[in-house]
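Down below is the structure, laid out as structure tokens.
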Amino acid sequence: MTDRILDFLRRTRPEGPCLVVDLDVVRDNYLAFERAMPDSRIFYAVKANPAPEILHLLAGLGSNFDCASVQEVDMALVAGASPDRISFGNTIKKERDIAAAFARGVRLFAVDCEAEVDKVARQAPGARVFCRILCEGEGAEWALSRKFGCDPAMAVDVLDHAHRAGLVAYGVSFHVGSQQKNPHAWDAALASAAEIFRILSDRGIELKMVNLGGGFATRYLEAIPGEGEYGQAINDAIRSHFGNRLPETIIEPGRGMVGNAGVIKSEVILISQKAEGDIRWVYLDIGKFNGLAETMDEAIRYPILSHRDGEATPCVLAGPTCDSVDVMYEKKPYPLPVNLEIGDELLIAGTGAYTTTYSSIAFNGFPPLQSYVI
Ligand SMILES: *Cc1c(COP(=O)(O)O)cnc(C)c1O
């Protein structure tokens with residue numbers, strides 16, 4: 001929540017729910033990552049918030065970009081990144097999309113199985129590939145396990161296969177889970193990565209790079225480690241597992257780069273009870289389908305601010321759509337002031353990441369979440 005954002009909302013009084021992102025905060029975050037991990041290249045995970053102003057700012061600061069689709073590759077190029085600053089980090093790609101990225105000059109691709117290696121070898125001959133390994137995601141609030149990555153033992157074969165297919169077996173990647181509040185969560189995956197480096201080195205294949213992924217937390221309700229604490233813990237883990245043969249490293253912050261830069265302005269549409277004396281239900285003009293998808297399973301709990309200062313009591317929070325799953329906090333109700341009223345404005349902080357892109361086009365006729373980047 002910055003004065004610039006509050007000022008913007010006061011001056012422009014935008015109608016309807018909207019996200020306001022303060023670019024100064026994004027810049028501060030980028031510089032903090034650079035300071036905390038000076039030996040790592042930063043690849044911003046575009047999916048977190050692909051607003052052109054954000055990509056343009058980061059491109060100007062020297063950031064690289066982790067892209068999951070040809071469309072994201074194009075957004076990074078338009079923002080001013082040259083293709084050598086782009087990684088096609090999705091392990092699940094159509095073969096023609098690999099070809100399209102290669103034609104645009106992209107030479108760095110993620111894989112997690114031999115079939116994907118074969119696609120890259122056919123469409124991006126000579127490119128660098130890194131193999132993603134499975135990671136438990138323990139301690140993360142939004143785990144990214146299971147769907148991506150292979151067992152470390154299999155990664156050895158995948159990279160060996162890539163080498164034999166004429167690709168550059170370049171390194172290993174993993175993601176410790178998003179909103180990972182434990183800076184030591186990187187340790188076990190780094191141990192696996194070092195082991196993969198050793199086995200392949202014995203086979204004459206010298207890997208170069210470890211992609212440390214994202215996972216850096218943004219501040220919601222609870223305290224989180226600073227960039228410096230992550231940097232310290234990760235550097236210690238790299239040194240303990242790789243000794244003095246340090247690999248190149250890259251990081252792919254998404255949430256940690258933009259989460260705290262955004263605030264959503266929302267309005268209370270209705271406050272009601274299901275029975276006399278029951279818990280209050282507070283219905284907002286924003287819910288799971290127009291920006292707050294990460295409240296799914298009540299995973300992410302955003303700070304919600306009101307100008308009312310009455311005593312707070314737990315409420316069920318729900319969105320405006322006609323889908324009964326559009327309920328945000330029911331298992332663990334959310335405390336809101338007792339004197340909250342219909343028509344009140346609420347500010348939802350920490351919403352710079354994973355909101356606009358998760359917003360549906362016109363469910364119930366509601367427009368996608370409006371975004372202002374200032
Ligand atoms: C989503 C994603 C990221 C960003 O993760 P955060 O937890 O938001 O930092 C980084 N790398 C890959 C491959 C991803 O899929």
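Just the heavy atoms: all of them, side chains too, but no hydrogens, waters or symmetry mates, feed the values below. Counting convention: from 1, in listed order, for ligands and their atoms alike. Since the structure is predicted, the reported quantities are computational estimates derived from the model, not experimental observations.
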Closest by any non-hydrogen atom to atom 13 (C) of ligand 1: pick that one out of Met257, His175, Glu252, Arg255.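 When every heavy atom of Met257, His175, Glu252, Arg255 is considered, Glu252 comes closest to atom 13 (C) of ligand 1.
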Under 6.0 Å between ring centres: does that hold for Phe197 and Phe242? yes
Measure the shortest side-chain to side-chain distance between His175 and Cys135 over non-hydrogen atoms and say whether it is less than 4.5 angstrom. no
Check: Leu292 and Ile264 side chains under 4.5 Å, non-hydrogen atoms: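 Contact flag for Ile264/Leu292 side chains = yes.
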Ignoring hydrogens and angles, state whether a donor on the side chain of His241 or Asp187 is under 3.5 Å from an acceptor on the partner side chain. yes
Residues Asp236 and His184: side-chain donor-acceptor under 3.5 angstrom: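 Result is no, nothing qualifies.
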Proximal ligand 1 atoms for [X], defined as those under 4.0 Å from one of its heavy atoms:
X	answer
Gly254	4 (C), 6 (P), 8 (O), 9 (O)
Arg132	13 (C)
Ala45	3 (C), 4 (C), 10 (C)
Ser178	6 (P), 7 (O), 8 (O)

Any idea which part of Asn90 is under 4.0 Å from ligand 1, heavy-atom wise: side chain, backbone, both or neither? neither
For ligand 1, note which part of Pro253 has a heavy atom under 4.0 Å away: side chain, backbone, both or neither. backbone
Out of curiosity, is [X] lining ligand 1, as in a heavy atom under 4.0 Å away?
X	value
Gln180	no
Tyr354	yes
Gly215	yes

Could you pull out all donor-acceptor pairs under 3.5 Å where a side-chain atom in residues 248-262 meets a protein atom, sequence neighbours excluded?
| residue | atom | partner | partner atom | Å |
| --- | --- | --- | --- | --- |
| Glu248 | OE1 | Tyr170 | OH | 2.7 |
| Glu248 | OE2 | Tyr170 | OH | 3.1 |
| Thr249 | OG1 | Ser40 | OG | 2.7 |
| Glu252 | OE2 | Asn211 | ND2 | 2.8 |
| Arg255 | NE | Ser178 | OG | 3.1 |
| Arg255 | NH1 | Tyr220 | OH | 2.8 |
| Arg255 | NH1 | Glu294 | OE1 | 2.8 |
| Arg255 | NH2 | Ser178 | OG | 3.1 |
| Arg255 | NH2 | Glu294 | OE1 | 3.4 |
| Arg255 | NH2 | Glu294 | OE2 | 2.9 |
| Asn260 | OD1 | Asn29 | ND2 | 2.8 |

In terms of ring plane angle, is the pair Tyr230 and Trp186 parallel, tilted or perpendicular, where the classes change at 30° and 60°?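 The arrangement is perpendicular - the two ring planes meet at more than 60°.
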